[in-house]
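Here the structure comes first, spelled out in structure tokens, and everything after it is commentary.
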Amino acid sequence: MENGRNVADGVRVEARALVYAVVGGVALLAVVTVGSVLGPMVVLDLATPAMAAWWTVFTAVAVQGIPFLLLGTVVSAAIGAFVPERVFRRVLPKNPALAVPVAGAAGVVLPGCECASVPVADSLMRRGVAPAAALAFLLSAPAINPVVLVATSIAFPGDPAMVGARLVASLATAVAMGWLWVRFGREEWLPSVRRGGGPAATAHGWRGFRDGLQHDFLHAGGFLVLGAAAAATFNILVPRSLLDVFTGSPWLSVLLLAVLAVVLCVCSEADAFVAASLTGFSPTARLAFMVVGPMVDLKLVALQAGTFGRAFAVRFSSVTWVVAVVSSVLVGGWLL
């Protein structure tokens with residue numbers, strides 16, 4: 001009887017914590033929405049039109065991005081908590097070269113936030129999944145999942161070619177990196193991977209869902225705010241004459257936004273709205289921003305270094321950036 005009461009109490013605590021997490025996300029969305037309405041009026045009264053314009057761009061990016069960020073982290077937390085790793089082993093071919101495109105395509109139906117993709121890939125490797133397939137999934141899951149594609153279609157209304165270009169370029173990058181690992185990768189570059197090392201120290205069930213949701217939403221939400229602020233600052237402070245130097249050159253504009261994607265660290269569920277706000281750049285340059293961001297940014301490099309080692313993170317991130325830029329240019333020239 002005592003055990004049953006303890007279990008019931010534990011379930012109530014977990015349910016209460018889950019409700020608090022969801023309510024917190026809704027409250028944050030409400031605060032940002034109210035701020036987007038009142039902010040420009042207050043700024044106009046207290047400061048200058050330039051600051052009002054900055055606030056308008058900032059809140060537009062944040063308000064549009066937060067619902068998709070919340071939805072994406074809910075889906076990611078649910079997969080991490082309720083989908084066992086053996087599912088991946090059963091559906092992936094034994095041949096690593098064949099497993100790579102399957103794992104890459106799995107990102108469409110098994111989405112994940114990029115913040116969670118690194119520990120998920122590490123867990124898959126520890127359970128016997130080929131590193132090439134796990135790395136392909138690491139890159140594709142946060143880049144081509146349904147939440148990201150829907151967010152992209154809303155950020156670029158009436159432009160389905162941008163959605164298709166993002167899907168094709170991101171999937172091509174993930175598969176190419178997986179195949180490059182099959183050909184050139186070495187096991188000693190992944191010192192943390194211990195085959196058959198037992199289950200990862202990750203909570204499952206409702207507790208894992210709650211912890212994953214809280215961590216991913218708060219962590220990624222902070223980067224979304226920083227990304228929105230950086231995008232607004234970029235649009236307001238950078239002189240048009242300087243911007244013309246880059247926008248006038250297709251190559252320089254692509255490289256600039258590919259570098260900005262690394263620095264801004266915007267979550268993949270919201271980066272399309274940041275890209276849509278960069279109206280002075282070509283569609284191919286904005287595509288590069290959306291393809292590079294979910295695969296290579298500062299927080300991901302840090303996560304990879306902490307999980308797989310610094311040597312792996314430097315090699316893998318550098319090559320991924322180059323492949324993502326090339327893929328964006330080729331697909332953008334074809335579809336956009």
Find the distance between [atom1] ([X]) and [atom2] ([Y]) and round it off to the nearest 0.5 Å.
X      : Y      : atom1 : atom2 : answer
Leu257 : Ser282 : CG    : OG    : 7.5 Å
Phe273 : Ile154 : CZ    : CD1   : 5.5 Å
Leu287 : Phe281 : CG    : CZ    : 14.5 Å
Leu330 : Leu335 : CG    : CG    : 11.0 Å
Leu180 : Thr173 : CG    : OG1   : 10.5 Å
Met177 : Ser140 : CE    : OG    : 12.5 Å

With [X] via side chain to side chain contact (heavy atoms under 4.5 Å, CB included) - residues at least two apart:
X      : result
Ala176 : Val323
Val322 : Val326
Val102 : Leu92, Pro93
Ala311 : Arg315

Taking only distance into account, with no hydrogens and no angle test, what donor-acceptor pairs under 3.5 Å do side-chain atoms of residues 162-172 form with protein atoms, sequence neighbours excluded?
from, atom 1, to, atom 2, distance (Å)
Arg166, NH1, Thr152, OG1, 2.9
Arg166, NH1, Asp271, OD1, 3.2
Arg166, NH2, Asp271, OD1, 3.0
Arg166, NH2, Asp271, OD2, 2.9
Arg166, NH2, Met290, O, 3.3
Ser170, OG, Arg166, O, 2.8

Exercise for review: Take Val254 and Phe289, measure what side-chain contact (heavy atoms from CB on, under 4.5 Å) needs, and give me the verdict at the end.
Suggested key: CA-CA 8 Å; Val254 169; Phe289 180 87; over 6 Å; no
Closer than 3.5 angstrom, by distance alone: can the side chain of [X] be matched with the main-chain N or O of [Y] as a donor-acceptor pair?
X      : Y      : value
Ser153 : Val150 : yes
Ser268 : Pro142 : yes
Trp179 : Ala97  : yes

Nearest heavy-atom pair of [X] and [Y]: which atoms, and what distance?
X      : Y      : answer
Val175 : Pro101 : CG2-CA, 4.0 Å
Ala103 : Ala133 : CB-O, 3.3 Å
Thr279 : Ala276 : CG2-O, 3.4 Å
Ala174 : Leu139 : CB-CB, 3.9 Å
Asn145 : Val147 : OD1-N, 3.0 Å

**Study point:** All side chain to side chain donor-acceptor pair (under 3.5 Å) counterparts of Ser317, not counting sequence neighbours
**Key:**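 Ser317: side chain to side chain donor-acceptor pair (under 3.5 Å) contacts with Gln304.
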Review point. Are Phe308 and Phe184 co-members of a hydrophobic cluster defined by side-chain heavy atoms under 4.5 Å apart?
Key: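 In one cluster with Phe184: Phe308, yes.
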Exercise for review: Group every Ile, Leu, Val, Met, Phe, Trp and Tyr by side-chain heavy-atom contacts under 4.5 Å, then state whether Val148 and Val262 land in the same group.
Suggested key: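 No: no chain of side-chain contacts under 4.5 Å links Val148 to Val262.
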Review point. Parallel, tilted or perpendicular: which fits the ring planes of Phe312 and Phe316, with parallel below 30° and perpendicular above 60°?
Key: parallel
Review point. Is there side-chain contact between Val329 and Trp251, with heavy atoms separated by less than 4.5 Å?
Key: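 Sidechains of Trp251 and Val329: in contact.
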Practice item. Side-chain contact test, heavy atoms from C-beta onward, threshold under 4.5 Å: evaluate it for Trp181 versus Val100 and give yes or no. Key: no
Practice item. Run the numbers on Met295 and Trp321 for side-chain contact (heavy atoms from CB on, under 4.5 Å), then give the verdict. Key: CA-CA 8 Å; Met295 299 183 179; Trp321 189 89; over 6 Å; no
